[in-house]
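A quick write-up on the structure given underneath.
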Amino acid sequence: MADPIIYVSARIADAFVKVAGALADGVDPAVRQSDHADAQVNGSLALAKAMGEPPRDVATKILEVAELADVCSNAEVAGPGFINLTFANEFLARELVASSTSAKLGVRSATILRRVVVDYSAPNVAKEMHVGHLRSTVIGDALVRMLMYVGHTVIRENHVGDWGTPFGMLIEHLVDSGEVSTAEELSVGDLDSFYRGARKKFDESEDFQNRARARVVALQSGDVETLRLWKLLVAESTRYFQTIYRTLGVLLQDADVMGESSYNSLLPQVAKRLNEQGLLTTSDGADVVFPSGFTNRENQPLPLIIRKSDGGYNYATSDLACVIDRVERLDASLLLYVVGAPQAQHLQMVAAVAKQAGWLQPPHSMVHVSFGNVLGADRKMLKTRSGDTIKLDALLTEAVERAASAVAEKNPDLSADARSEIARIIGIGAVKYADLSTDRIKDYTFDWDRMLSFDGNTSPYLQYAHARICSIFRRANVDRASVRKITPTIEHPAERELAMRVLQFDSALWDTLDKYSPHRLCTYLYDLTTSFSSFYEQCSVLKADSDDQRRSRLMLCDLTARVIHAGLDLLGIDAPEQM
RNA sequence: GCCCUCGUAGCUCAGGGGAUAGAGCACCGGCCUCCGGAGCCGGUGGCGCAGGUUCGAAUCCUGCCGAGGGCGCCA
């Protein structure tokens, strides 16, 4: 019940040991998909190198001792010393049934179950969510779903920006505008104009600046009235974030919010503990740590500032408190930070200091799941025509509108209700899939027409294939669950191709988790769907040659649909039965 | 100046030690008495440059060129 290649790899590894004994240590069988057969063994060449024997001779020896009778219908030495493997159709059929009847469609569970914190989304209070937050939110949410799927315990943490000097001006602006008016402004999601209003006053009025600074002091010293006003801003903002999260269909809830302010009480302890370990030094009036290996412009050691010269703490301290909290209180062993690439050095420094201080010892580790920018057609940061940042809310609304007009055109028979729901699923799915389907480390180009196209590696294409399969079962009037234990007969090349793809769900998901790269799962789902479309074109299901063939193909269809559905679900995307 | 990331087809992207580098769009040509043509099948076209490691390099290493980002009291 795993990818056939994984299954066969174990057999080949055994054969390596039989042939080479200790020389096989550390030699990866490297069984991979192949254009020349179902799979090819590449490791035979490396083993031959280790043994100092001709590669083809070694490959022949491997084949003599490898136990492949029940899994391969053919195995032969090829080229310079590869071994080409062809899986037995009966083996594939057995694996398909195992996959179909398993709870997780053939995906192996994690062998070591961990507690994982995923830090993602992280919008700022009283600031509009924009496309920059889209990536963190969408990628983080997909990783959360995948980690849970393989059995890990996942703790979502939304590190909201709810503290710092800007709150002085924001609170003063709130006082000027009145609480009722501010609440109204924020509740309709007009966070940007509120922020800009505060900023404008701050820039124009010296009196306002003084009030703002005084307010920051009041906030940090715990003034009751100031805290009340601050909480008002936080509450209205998080309520608004939640509406975006619901539209986007992500798992984040209010309970997942762990804003920067959550760590305020821990900050003095961070400094204290660092000091006790002799890591803290004073530099230009600030308390800092110099982790090794980091330098500034002048090639001088680069500090992580723990306590500013004015006595205040900053985000580095808060991030360290965060590490302590996640490791010591939450007992998480893996900390994922789904944060943009520009913060790479900062996070490296935080990790370095946390390790030096002994707070982040193996098996505990933190990983920066970094990502690039969203670019417009001009290859620059995505902006509106007038040069403003694009509000996430507006972006999602446009996605649904565009999808709605496409649905209305392609499927006018749907009821108005069904149409708007499907438009939501397609529009939001398209935006999320576009973000997830390219390597997160690179910038990606935002293009409405491409992401909403029904051709190519897009969510509408996957959703369409899924809907077609659902349509087959409606027409056949067959209960989906009733075909799930049927052992399929693999005959047609397109059936075989599809069967192989379906069975790769397991390794596709694990490859994805290995690098925390959702685009690998997307690529897999697209390949699977392409295989299905080809199968569907060449192999009649409802008009099959025999009842057995029909049942066999229905089984394949059901399993394919379930894998597409599950795969999209792991990406946080719905798959409607009709569209 | 130092550090990090990225350069693959005209465009948007996969592939990140394995045989002949794959898709989609665009362009050219096929397929509707057919389960959803929102589809399928085929064709044209490419690894920034130069070294190195390796049986084998788009992939790993070094240098150069180009693009983006970071480099002490904002978060």
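Below, chains carry the letters A, B, ... as their sequence lines are ordered, and counting in each starts from 1. Model, not experiment: these values are computed from the prediction.
At a cut-off of 3.5 Å, with distance as the only test, a side-chain donor of A/Tyr433 or A/Asn457 sits close to an acceptor on the other residue.
Side chain of A/Tyr536, nearest nucleotide from B/U12, B/G36, B/G7: B/G36. The side chain of A/Leu542 sits closest to B/C35 out of B/C40, B/C35, B/G36. Candidate nucleotides B/C13, B/C6, B/G39 were compared by shortest atom distance to the side chain of A/Ile441, and B/C6 ranks first.
Rounded to a whole Å, the CG atom of A/Leu521 is 17 Å from the C1' atom of B/C13. What separates CG of A/Leu414 from P of B/G36 is a distance of 14 Å, to the nearest Å. Remark: C1' of B/G15 and CG of A/Asp511 are 12 Å apart, rounded to the nearest angstrom. Atom CD in A/Gln549 sits about 17 Å away from atom P in B/C35, given to the nearest Å. Atom CG of A/Leu47 is separated from atom P of B/G56 by 18 Å (rounded to the nearest Å). In this structure, A/Ile422 places its CD1 atom 15 Å from P of B/A38, rounding to the nearest Å. Taking atom CD on A/Glu537 and atom P on B/A38, their separation rounds to 12 Å, with Å as the unit. Summarising the geometry, the separation between CG on A/Leu375 and C1' on B/C11 is reported as 14 Å, rounded to the nearest angstrom.
Residue A/His368 places none of its side-chain N or O atoms closer than 4.0 Å to OP1 or OP2 of B/C4. Residue A/Thr523 has no polar side-chain atom (N or O) positioned under 4.0 Å from OP1 or OP2 of B/G15. Contact annotation: A/Arg553 side-chain N/O to B/C35 OP1/OP2 distance is not under 4.0 Å. For B/C13, neither phosphate oxygen OP1 nor OP2 lies less than 4.0 angstrom from any side-chain nitrogen or oxygen of A/Thr438. Checking the phosphate oxygens (OP1, OP2) of B/G37, a side-chain nitrogen or oxygen of A/Arg468 falls inside 4.0 Å.
Nucleotides B/C61 and B/A75 are separated by 37 Å at their C1' atoms, to the nearest Å. B/A57 and B/A21 are spaced 12 Å apart, taking the C1' atom of each and rounding to whole Å. B/C47 and B/G17 have their C1' atoms separated by 15 Å, given to the nearest Å. Distance noted for atom C1' between B/U20 and B/G10: 24 Å (whole Å). Taking atom C1' in both B/C49 and B/G7, the straight-line distance is 11 Å, to the nearest Å. Nucleotides B/A14 and B/G72 are separated by 32 Å at their P atoms, to the nearest Å. Taking atom C1' in both B/C65 and B/A26, one finds a spacing of 30 Å when rounded to whole Å. Between B/A23 and B/A9, the two P atoms lie 15 Å apart (nearest whole Å).
Screening residues 514-525 of chain A for side-chain hydrogen bond (donor to acceptor under 3.5 Å, both in side chains), with sequence neighbours left out, gives no hits.
Nearest-nucleotide positions on RNA chain B for A/Asn299 and A/Lys543 put A/Asn299 closer to the 5' end. Where A/Ile472 and A/Tyr444 meet RNA chain B, the nucleotide closest to each residue was compared, and A/Tyr444 sits on the side nearer the 5' end.
A/Arg480 is linked by a side chain to side chain donor-acceptor pair (under 3.5 Å) to A/Asp558, counting only residues two or more places apart in sequence or in another chain.
Note: A/Trp448 and A/Phe446 have perpendicular aromatic rings, judged against thresholds of 30 and 60 degrees for the angle between ring planes. In this structure, A/His173 and A/Phe194 have tilted ring planes: the angle between them lies in the 30° to 60° band.
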Can you name the atoms? Protein N/O to nucleotides 23-27 of chain B N/O, anything below 3.5 Å, with the distance.
| from | atom 1 | to | atom 2 | distance (Å) |
| --- | --- | --- | --- | --- |
| B/A23 | O2' | A/Tyr526 | OH | 2.9 |

Restricting both atoms to N or O, compile the protein contacts to nucleotides 18-20 of chain B shorter than 3.5 Å, with distance only.
| from | atom 1 | to | atom 2 | distance (Å) |
| --- | --- | --- | --- | --- |
| B/G18 | O2' | A/Gln40 | NE2 | 2.6 |
| B/G18 | O2' | A/Asn42 | OD1 | 2.9 |
| B/A19 | O2' | A/His36 | NE2 | 3.3 |
| B/A19 | N7 | A/Gln40 | OE1 | 2.7 |
| B/A19 | N7 | A/Gln40 | NE2 | 3.1 |
| B/A19 | N6 | A/Gln40 | OE1 | 3.3 |
| B/A19 | N6 | A/Asn84 | OD1 | 2.2 |
| B/A19 | N6 | A/Asn84 | ND2 | 3.4 |

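The pair A/Lys61-A/Glu53 meets the salt-bridge criterion, with a side-chain N (NZ, NE, NH1 or NH2) lying under 4.0 Å from an Asp/Glu carboxylate O. Using a cutoff of 4.0 Å between basic side-chain nitrogens and carboxylate oxygens, A/Arg496 and A/Asp38 are scored as salt-bridged.
A distance-only check finds a donor-acceptor pair linking the side chain of A/Ser237 to the backbone of A/Ala126 [under 3.5 Å]. Of the possible polar contacts, none joining the A/Glu497 side chain to the A/Phe535 backbone as a donor-acceptor pair under 3.5 Å is found. Judged by distance alone, the side chain of A/Thr458 and the main-chain N or O of A/Ser453 form a donor-acceptor pair under 3.5 Å. For A/Trp230 (side chain) and A/Trp163 (main-chain N/O), no donor-acceptor pair under 3.5 Å exists by modelled atom type.
Between the CG atom of A/Leu320 and the CG atom of A/Leu266 there is a distance of 11.5 Å, given to the nearest 0.5 Å. Here A/Lys432 contributes atom NZ and A/Met451 contributes atom CE; the two are 13.5 Å apart, rounded to the nearest 0.5 Å. Atom CD1 of A/Ile5 sits about 9.5 Å away from atom CD of A/Gln40, to the nearest 0.5 Å. We find the CD-CE distance between A/Glu495 and A/Met500 to be 14.0 Å, quoted to the nearest 0.5 Å. Atoms CG and CD1, on A/Leu554 and A/Ile486 in that order, are 7.0 Å from each other to the nearest 0.5 Å.
Note on A/Glu409: nothing from the nucleic acid sits closer than 4.0 angstrom, heavy atoms only. Base engagement by A/Ser471 is indicated by at least one non-hydrogen atom pair under 4.0 Å involving a base atom. In this structure, A/Cys470 reaches neither bases nor backbone, as no heavy-atom distance under 4.0 Å exists between it and the strands shown. Within 4.0 Å of A/Phe294, counting heavy atoms only, lies no atom of the nucleic acid at all. Residue-level contact check: A/Asp449 touches neither bases nor backbone, having no heavy atom under 4.0 Å from any strand.
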Apply ring pair (Phe, Tyr, Trp, His ring centres under 6.0 Å) to the pair A/Tyr315 and A/His346, showing each step before the final yes or no. CA-CA 10 Å; A/Tyr315 73 125; A/His346 168 69; 4.2 Å; yes

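For RNA chain B, runs of at least 3 consecutive pairs of the Watson-Crick or G-U wobble type, with both hydrogen-bonding distances under 3.5 angstrom, map to B:1-7 with B:65-71, B:10-13 with B:22-25, B:27-31 with B:39-43, B:48-52 with B:60-64.
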If a protein heavy atom is under 4.0 Å from the base, mark B; if only from the sugar-phosphate, S; if neither, -; do that for nucleotides 66-75 of chain B going 5' to 3'. ---SSBBBSB

